[in-house]
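The structure under discussion appears below in the form of structure tokens.
What you see is a predicted model; the values in this text were computed from it and never measured.
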Amino acid sequence: MMDTIFFILSKVVQFCIEPLNWVIAFVLMGLLFLSLRKPHLCKRFLVLAVFDLLLVGWLPASELPLRAIENLIPKAALPNDLNNEIGGIIILGGAISGEQIAVDRGEISIHSSAERVTKGFEFVRKHPNLPYIFSGASGRITPRGISEADAFKQLVQEQGLNEAQAHYENQSRNTYENVLYMKPMIQELGAKDNAGQLKPWLLITSASHMYRSVKIFKKQDLPVLPLPVDYQTANRLQWTEFNLVDGAQNWHDVVHEAVGLLAYWITGKI
């Protein structure tokens with residue numbers, strides 16, 4: 001019950017503090033003061049709405065914090081003999097549009113974080129003897145249709161990948177639950193070294209999501225080798241670029257990670 005409350009509350013907080021959503025509040029406040037015949041206050045809130053749009057659309061404003069988050073965890077140096085040095089491959093959900101779209105259209109769609117899937121497929125093909133786990137059900141408060149894990153299973157079949165080593169976790173709603181529900185699977189499937197310790201698993205997820213993910217795995221005493229993908233920023237900022245769509249997505253990623261890190265730190269999950 002507490003995990004469900006935590007999940008819903010994190011979604012509400014994120015919605016409330018995403019900059020693009022403030023525009024709606026500023027415009028509504030402007031209209032309210034206009035109806036109350038207070039044009040000076042109306043103008044102030046409309047100016048705030050315009051400033052907020054500029055903040056969202058001017059890409060360096062969002063790229064700077066997002067780049068900092070993406071750079072927190074570099075790519076791990078992978079061992080030469082990957083088959084014998086790691087326990088398996090973990091692919092975190094967040095890239096597949098399963099749910100009702102997959103049911104209605106009969107096709108699995110992969111959205112902006114597609115590299116989680118494509119990089120996962122690359123390593124599964126190169127190392128068919130390693131077990132791999134895809135983790136993810138739905139990030140929605142009210143999920144519909146099939147889970148992400150079930151959608152990934154369909155993609156594995158369509159791509160003709162080795163299904164004998166495939167394992168799926170289809171209950172988790174967030175990163176903490178990803179790790180929590182995978183832990184028994186990792187402990188059962190993972191190979192151990194001479195000292196009886198679990199060998200690290202290769203962890204594939206978005207660069208902006210990697211820091212929080214690694215912290216949770218460490219908290220659960222599960223060793224991982226981070227392989228961040230889906231970078232959204234370059235080494236140089238785009239000082240003259242203005243794009244509301246890209247800016248809104250960048251701010252969404254920044255706020256999502258900031259809220260997640262704060263919430264997990266407060267609740268002792270990291």
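Heavy-atom contacts from other residues, nucleotides or ligands closer than 6.0 Å to OH of Tyr211 number 12 or fewer. In Asp81, the CG atom is crowded: over 12 heavy atoms of neighbouring residues, nucleotides or ligands sit closer than 6.0 Å.
Looking at heavy atoms from C-beta onward, Pro228 lies in side-chain contact with Lys75 at the 4.5 angstrom threshold. At a threshold of 4.5 Å between non-hydrogen side-chain atoms, the residues Val124 and Gln165 do not count as touching. When side chains are defined from C-beta on, Trp201 counts as touching Ile133, because their heavy atoms get closer than 4.5 Å. With a 4.5 Å cut-off on side-chain heavy atoms, Glu158 and Leu155 count as touching. In this structure, Gln157 and Glu163 have side chains that are in contact, with non-hydrogen atoms separated by less than 4.5 Å. Counting heavy atoms from C-beta outward, Asn84 and Pro79 have side chains that stay 4.5 Å or more apart. The closest side-chain heavy-atom distance from Asn178 to Ile90 is not below 4.5 Å.
With hydrogens and angles disregarded, no donor-acceptor distance shorter than 3.5 Å links the side chain of Arg125 to the backbone of Leu161. Of the possible donor and acceptor atoms, one in the side chain of Trp22 sits under 3.5 Å from a partner among the backbone N and O of Cys16. Side-chain N or O atoms of Asn21 include one that pairs as donor or acceptor with a backbone N or O of Phe15 at under 3.5 Å. With hydrogens and angles ignored, the 3.5 Å screen pairs a side-chain donor or acceptor of Glu148 with a backbone N or O of Gly94.
A side-chain contact (heavy atoms from CB on, under 4.5 Å) with Ile270 is found for exactly one of Trp265, Tyr176, Phe217, namely Trp265.
In terms of the salt bridge (charged side-chain N to carboxylate O under 4.0 Å, His left out) criterion, residue partners of Glu122 (sequence neighbours excluded) are, by chain and number, Lys119, Lys126. Applying the salt bridge (charged side-chain N to carboxylate O under 4.0 Å, His left out) criterion to Arg116, with sequence neighbours excluded, gives no partner residue.
If you check the side chains of His256 and Glu18, you find no donor sitting under 3.5 Å from an acceptor. A side-chain donor-acceptor contact under 3.5 Å links Ser135 and Glu169. A donor-acceptor pair shorter than 3.5 Å cannot be found between the side chains of Gln154 and Asp150.
Taking OG1 from Thr118 and CD1 from Ile204, the interatomic distance works out to 9.0 Å, rounded to the nearest 0.5 Å. From Gln187, atom CD reaches atom CG of Leu222 across 6.0 Å, with rounding to the nearest 0.5 Å. Here the straight-line distance linking atom CG of Leu227 with atom CE of Met210 works out to 6.5 Å at 0.5 Å rounding. Note that CG of Leu203 and CD1 of Ile73 are 10.0 Å apart. Values are rounded to the nearest 0.5 Å. How far CG of Asp221 is from CG of Leu198: 10.0 Å, rounded to the nearest 0.5 Å.
Minimum interatomic distance between Ala248 and Leu20 (heavy atoms only, all atoms of both residues): CB-CD2, 3.8 Å. Minimum interatomic distance between Gly120 and Ile91 (heavy atoms only, all atoms of both residues): CA-CD1, 3.7 Å. For the residue pair Phe33 and Cys42, the shortest heavy atom distance occurs at CB-N, 3.8 Å. The heavy-atom pair separating Asn170 from Ala149 by the smallest distance is CB-CB, 3.6 Å. Scanning all heavy atoms of the two residues, the minimum distance from Glu70 to Gln232 falls at OE2-N, 2.8 Å. Shown here for Arg212 and Leu261, the closest heavy-atom pair between the two residues is CD-N, 3.7 Å.
Both Phe121 and Phe123 belong to a single network of hydrophobic side chains, linked directly or stepwise wherever heavy atoms of I, L, V, M, F, W or Y lie under 4.5 Å apart. A chain of hydrophobic side-chain contacts below 4.5 Å, direct or via other Ile, Leu, Val, Met, Phe, Trp or Tyr residues, connects Leu180 to Ile266. Residues Leu46 and Leu31 do not share a hydrophobic cluster, defined by chaining ILVMFWY side chains whose heavy atoms lie under 4.5 Å apart. Grouping the Ile, Leu, Val, Met, Phe, Trp and Tyr side chains by contacts below 4.5 angstrom, directly or via other members, places Leu48 with Leu36.
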For this session: Apply side-chain contact (heavy atoms from CB on, under 4.5 Å) to the pair Phe134 and Val156, showing each step before the final yes or no.
Result: CA-CA 11 Å; Phe134 180 91; Val156 167; over 6 Å; no
For this session: Check the pair Met182 / His167 against side-chain contact (heavy atoms from CB on, under 4.5 Å), numbers first and verdict last.
Result: CA-CA 10 Å; Met182 274 193 296; His167 304 273; over 6 Å; no
Problem set entry | Test log, rule side-chain contact (heavy atoms from CB on, under 4.5 Å), inputs Lys199 and Glu85 | CA-CA 7 Å; Lys199 293 181 179 180; Glu85 295 298 326; 5.9 Å; no
Problem set entry | Test log, rule side-chain contact (heavy atoms from CB on, under 4.5 Å), inputs Leu66 and Glu63 | CA-CA 5 Å; Leu66 182 58; Glu63 285 182 336; 5.6 Å; no
Per-pair distances, 0.1 Å, donor-acceptor, side chain in residues 50-62, under 3.5 Å, sequence neighbours excluded:
from	atom 1	to	atom 2	distance (Å)
Asp52	OD2	Val23	N	3.2
Trp58	NE1	Trp239	O	2.8
Ser62	OG	Leu59	O	3.1
Ser62	OG	Asn250	ND2	3.3

